[in-house]
Amino acid sequence: MASIEELANTLRGVATSGMKPKALLAAVRERHPETTKKEVVRAAFYALTEGPNADLHAFALTERAVDEDEPVRAAKLRKKKDRKAKPEGQAAH
């Protein structure tokens with residue numbers, strides 16, 4: 001049985017942009033036929049959170065956070081348009 005690290009490395013190697021999940025699972029199972037779907041899913045999470053890209057993941061999470069040094073400006077809200085068409089001559093309530 002392949003370790004989670006081996007599966008994660010395989011996932012990184014076979015994954016391409018726009019690849020469907022079934023195709024990705026099939027590509028991993030070509031190299032590791034004894035692997036279950038559950039193990040591949042766990043390896044995918046590991047590849048995103050614990051592997052060599054973990055620093056990139058942590059960087060992305062921290063950069064998405066609001067910078068506390070910059071003041072937050074309130075956005076001006078727009079009024080909703082009345083989407084119902086009113087027949088002419090009737091007043092809106």
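Every value quoted in this text rests on a predicted model; they were computed, and no experiment measured them.
- Across every non-hydrogen atom of L7 and A43, the tightest pair is CB-CB, 3.4 Å.
- Each of K37, H32, K38 was compared with T35 under the side chain to side chain contact (heavy atoms under 4.5 Å, CB included) criterion, and only H32 meets it.
- For the residue pair A27 and M19, the shortest heavy atom distance occurs at CB-CE, 4.1 Å.
- Following chains of ILVMFWY side-chain contacts shorter than 4.5 Å, one cannot reach L11 starting from Y46, and the two form parts of different hydrophobic clusters.
- Note: I4 CD1 to F45 CZ = 10.5 Å, rounded to the nearest 0.5 Å.
- Rounding to the nearest 0.5 angstrom, the gap separating the CZ atom in R29 from the CD atom in E39 is 9.5 Å.
- Counting heavy atoms from C-beta outward, E30 and V14 have side chains that stay 4.5 Å or more apart.
- The two residues R12 and A47 have their closest heavy-atom pair at NH2-CA, 3.4 Å.
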